[in-house]
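Note sheet for the following structure.
Here is the naming used below: chain letters follow the sequence lines, and residue numbers restart at 1 for every chain. The shown structure was predicted, so the numbers you read here are calculated from the model rather than taken from an experiment.
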Amino acid sequence: MTGLVLTNVTIRSPGGSPLFAPLTFGVRPGEIVSLSGPSGIGKSTLVAHIGGHLPAGFVTAGQVTLDGRNALALPAEARRIGVLFQDALLFPHLSVGENLAFGLEPAIRGRAARRAAVEEALEQAGLAGFYRRDPATLSGGQQARAALMRTLLAAPRAILLDEPFSKLDPALRAELRSFVFAHVRARAVPVLMVSHDAEDAAAAGGPVISLSPA
Amino acid sequence: MTVREGRALRILVLTAVVGALVLPIMAGLFETARAAFGYLPVVGADHLSLAPWRRLADLPGLRASIILTLWTGFAATILSLFMAFALAGRVWMHSGGKRLRALALPLLAAPHAAMAIGLAFLIAPSGWIARVISPWATGWQVPPGIATVHDPGGIALILGLIVKEVPFLLLMILSVLAQIKAREQAAAARALGYSPQTVWTKILVPQIYRLIRLPVFATLAFALSVVDMALILGPTQPPTLAVAMTRWFVAADTRLLMPASAAAILLAALAMLSVALWILGERVMGALNRRRIVGGARRGWPIAVGAATGQVLLWLGTAALIALLVWSLAWRWSFPNGLPESWSVTAWMRGGWWIALKQSLFLGTVTVLVSVTLSVLWLEGETRAGLARARWASALIYLPLMVPQAAFLFGLSVAFLRGGIGAGHFAVMWGQALFVYPYVMLALSDPWHALDRRLDRTAASLGAGPWRRLFRVKLPILLRPILTAAAIGFAVSVAQYLPTLLLGAGRVTTLTTEAVTLASGSDRRVTGVFAVLLAAMPLVGFGLAFAIPALFYRNRRGLSGGRA
Amino acid sequence: MRLPLLAALSLVAAPALAAGWEDTLAAAKGQTVYWHAWGGDDRTNSFIEWASSELEAEYGVTIAQVKLSDTAEAVTRVVAEKAAGQTEGGAVDLIWINGGNFLSMKEQGLLYGPFLNELPNARYLDLTEGGAAVTDFTIPTEGYESPWRLARFVLTYDSARVTEPPHSMAELLAWSAAHPGRFTHPSVSNFMGATFLKQALVELARDPSTLASPPTEEAFSAETEPLWVWYDALRPTLWREGKAFPENESIQQQMLNDGEVDFTMAFDPAAAAAAVEKGLLPDSVRSYAPTAGSIGNISFVAIPFNAAHKEAAMVVANFLLDPEVQARAQDIRVLGSYSVLDPARLDTAETAAFAALPGSAALPSNAALGRTLPEPHPGWMTRIAEEWARRYTE
């Protein structure tokens, strides 16, 4: 089966109590599934688990497969699951272009080809000519778009969005949301989004999975 | 974030730390302890007995030495802490932190020996202060007969320690202050009618104190066992226990080696007891403080006096460093002239300092490289395992800062020789690294843990493996804190006196050992040259730690603000 | 018949000795001698640096001076090495040593030798029994150390402030009582401070001849009694009322320069003249010995049993006995250290080199230096220091 599939996934916190009732659902390529639930229930923890970033001490059960393969057996860097957080998290020591180049998949070889790929992505993000810019000088919206491009350039097989728009003001939020959704849909990969906001889920158009206490 | 890989790295680093740092200290303690209980075959003592302890008890002045040690150690630590909090409070309330930091950093960077020499140049009866105010204000044609250094009460030593420890604690407090939500809490408390000063003493000081306990313990243990500064400023008749012990260790009469070892063990026990006593004091103060806090009074203790005294002492320290420079350029400077009557660069041209400078530079560079590498690997191991540091691990790392140097250095030199490591560069390097590594860890741990972990996760989600994340993401972003930690480690290495002396068999002459030796000589001008270089070296290190990232990241606003 | 035989024997013996020395020189070539020597005196340090460059040019031997603040540090090092079973390749090659440190090392078998007779330049020394070059604080050196400089106890004062310096211990007490706080001596735990007490003991003892043998309980209390009576009276008149003392004579010299006290003392008659030369004392200082004379001795160099570079260490010891080197050392502009050689054994040219040396106002004349009094047995120094600590340490 293609896409991201969770089967009977549970997570126990280091304290020992399970965070939410066992979860089973799938995200098809091109689909954006929203994840909701009361705060503290473990939405971000689940995202970290799928991405391979769970801190030690959590006890997990169940399966996560991506395109039919067991994702949990692989280290984070080998899962090819892109993650976007509410902060852009551009690497502060690299220029905007270098940030994107850091993400660009190694399959694209040669200096010129890689540079061209990055420049093209910058242009798509409305950041043409920003290659050498210091990321700290970008506006919030610009940073978020650069971060998305960096993630997409890595050619992920799935994308996790961890409250990606929660820090933005409403106007920017809507604009960025449509920008992100347009791009991830174009990639036709499964997308799982954590969000508190009903508008986000509505715009995503996909199913909403609600986490409930165990 | 592969836990298994993290484990292999952790085991590797743990082995290195235990093997290179903990075992030598243990072996040193063991050898010293054996000697303290009468086992030192070379002087014909090969059965355990209490004789060294009886001999120690019979040595004249022992009781006075112990009392002096405790008095100077506690007085210096308590006063330093008080003044550092008062100064930090003033900075927090009125800003001006930048100027104070600029004043404190050179004093923090200057090794204890250099500061002690400078203070002696300043406050001695024939010192700069007396020269400046004589004879017009005092009528003194010859220096007054007042004991202002080597005074039997140890006041000069306490002063010297304070001048060094206030900057240290002050910068600790200011860096911790950035971690707690000081502004928000202050706003909340002021809305309840508390003055800023009271907010500082009742709300912020207790929180900050909890975060700087370890450095405070280290300050106390250090003050109790300091040798170089006590040699230069401390009482002589009798001296503090650490100085007395050092004298017995190097005495011609080799039978004194065993009571000296007993004294070393005694000093270690005193230091541990003192920390225990301090913790007890914390409890009592904490209880009293809580009663005061909930008492509701809106006006707190005035901290202005403490801040003013602290400020004066910082200026005194600065003047001491200037005195070093002036003396290094003097030819004849008779009392009571305020400045030398003739100047000369003869002392600088003598050139003997070049060898010592190279030696200090070499030892500092090597120990810092080793310590920074080991620290980064340790921290990376923690990150990969996703585990917080266990208490026992902290105890291992900071062990060298908690056990008085003197207690294991003599034993360590014996253990090194047994292990086929002769006295010399390698032994000194190893001995210095014991102290450099904990400081580098101390300096690097917080910035490392403060680094947004989502940066690491983002890099992983982009397909970067653990080593690429370390070298391409974390280390570059942490360049400034890493270089700062390196500069701190370098300053620690440059300042080491006892390890260099005892493990180098005198073959390894650094700026510190030369300066201390020269301080008991007759030529303030040559002493001034060595002390100026000694004080300047760590400062240059800090300067580079500041300049390199600033130059490297001049176009990276996110990294030029002084924090990662 | 016997004389030619002796001559023949010495003819045979001489090349044999030379050949032995040739071997030593060959083995020494390229070695570095770690010479552990008190580093508190800049001129001595410079002299050692000079010696190193000369030796390197001539024999391929260099000296690395390990500057000690106390000779005992080197002794401790050798002790620690022996404790660890390191019987060769030791860190210490040569030690500037005498008195108690020598006795301590000799008794514990920590010294290499005897080697003095293997040094060609030993022929310039007066090696007759009981001579100054073969006893160290009454301890026979037995060839385990080689002399290199002569030391004599002298007092130094600033003639701009003191016009009538005291010439005996009794006069000193009277002077100090009249000028409270203006006299002191280095800490008794320091060699120089103990030497001052020893000088007083030699002057005040009822029967100075008993000082040549190790002190018995009886002799000690009998002979030192006048010393303690004298010191009890002197102490309250001292700088800081005798409750604190300068750490060593260098510090005290600095105090004289600052005007903090009016006297310093040295175990080197040329110390003050050298300090004037370096701008460390005013021109007005003068040095002298008490009228009855002052104790004196010779400083030696010794080689530890486990020294890594014994041959080169011997080459250095031999070099230090060279008449040219001794004359240079005695030059006030260089070191101002009086020669240890027997003038009777020098030829005309060698004698002339000494005669041509420049003088200095701060340099005591032979008359002002007076008689050399013999050192007491080292046991006395140890006992005096202990007794002093017992009596005057609170």
Distance from [X] atom [atom1] to [Y] atom [atom2], nearest 0.5 Å?
X: B/Leu59; Y: C/Glu386; atom1: CG; atom2: CD; value: 9.5 Å
X: B/Leu417; Y: C/Gln86; atom1: CG; atom2: CD; value: 5.5 Å
X: C/Asn190; Y: B/Thr236; atom1: CG; atom2: OG1; value: 11.5 Å
X: B/Leu231; Y: C/Glu247; atom1: CG; atom2: CD; value: 6.5 Å
X: C/Asn257; Y: B/Phe335; atom1: CG; atom2: CZ; value: 12.0 Å
X: B/Arg350; Y: C/Glu49; atom1: CZ; atom2: CD; value: 9.5 Å

[X] versus chain B, the contacting section by heavy-atom distance below 4.5 Å:
X: C/Glu260; answer: both
X: C/Pro246; answer: neither
X: C/Glu73; answer: both
X: C/Leu281; answer: backbone

Report which part of [X] has an atom under 4.5 Å of a heavy atom belonging to chain C: side chain, backbone, both, or neither.
X: B/Glu514; value: side chain
X: B/Ser520; value: both
X: B/Ala124; value: neither
X: B/Ile146; value: backbone

Verify the neighbour count for atom [atom1] of [X]: are there more than 12 heavy atoms of other residues, nucleotides or ligands below 6.0 Å?
X: B/Glu341; atom1: CD; answer: yes
X: B/Phe30; atom1: CZ; answer: no
X: C/Arg391; atom1: CZ; answer: yes
X: B/Trp71; atom1: CH2; answer: no

Which of the residues [options] is involved in the greatest number of heavy-atom pairs with chain B at under 4.5 angstrom?
options: C/Thr382, C/Thr71, C/Ile251, C/Val261; result: C/Ile251
options: C/Glu241, C/Arg390, C/Arg182, C/Glu249; result: C/Arg182
options: C/Met255, C/Gln254, C/Gln253; result: C/Gln254

Keeping [X] on the side-chain end and [Y] on the backbone end, is there a donor-acceptor pair under 3.5 Å?
X: B/Arg332; Y: C/Gly279; value: yes
X: B/Asp523; Y: C/Leu280; value: no
X: C/Arg77; Y: B/Leu502; value: yes

Looking at side-chain heavy atoms only, is the closest gap between [X] and [Y] below 4.5 Å?
X: C/Val66; Y: B/Thr509; answer: no
X: C/Lys243; Y: B/Pro235; answer: no
X: B/Ser522; Y: C/Gln252; answer: no

- Task: Could you walk me through whether B/Arg525 and C/Lys278 pass side-chain contact (heavy atoms from CB on, under 4.5 Å), step by step?
- Result: CA-CA 11 Å; B/Arg525 303 161 309 180; C/Lys278 286 167 61 187; 4.2 Å; yes

[X] and [Y]: which non-hydrogen atoms are nearest, and at how many Å?
X: C/Leu68; Y: B/Thr517; answer: O-CG2, 4.1 Å
X: C/Ser189; Y: B/Arg247; answer: OG-NH1, 4.4 Å
X: C/Arg240; Y: B/Pro125; answer: NH2-CG, 3.4 Å

- Query: Is the closest basic N to carboxylate O distance between B/Arg524 and C/Asp258 below 4.0 Å?
  - Reply: yes

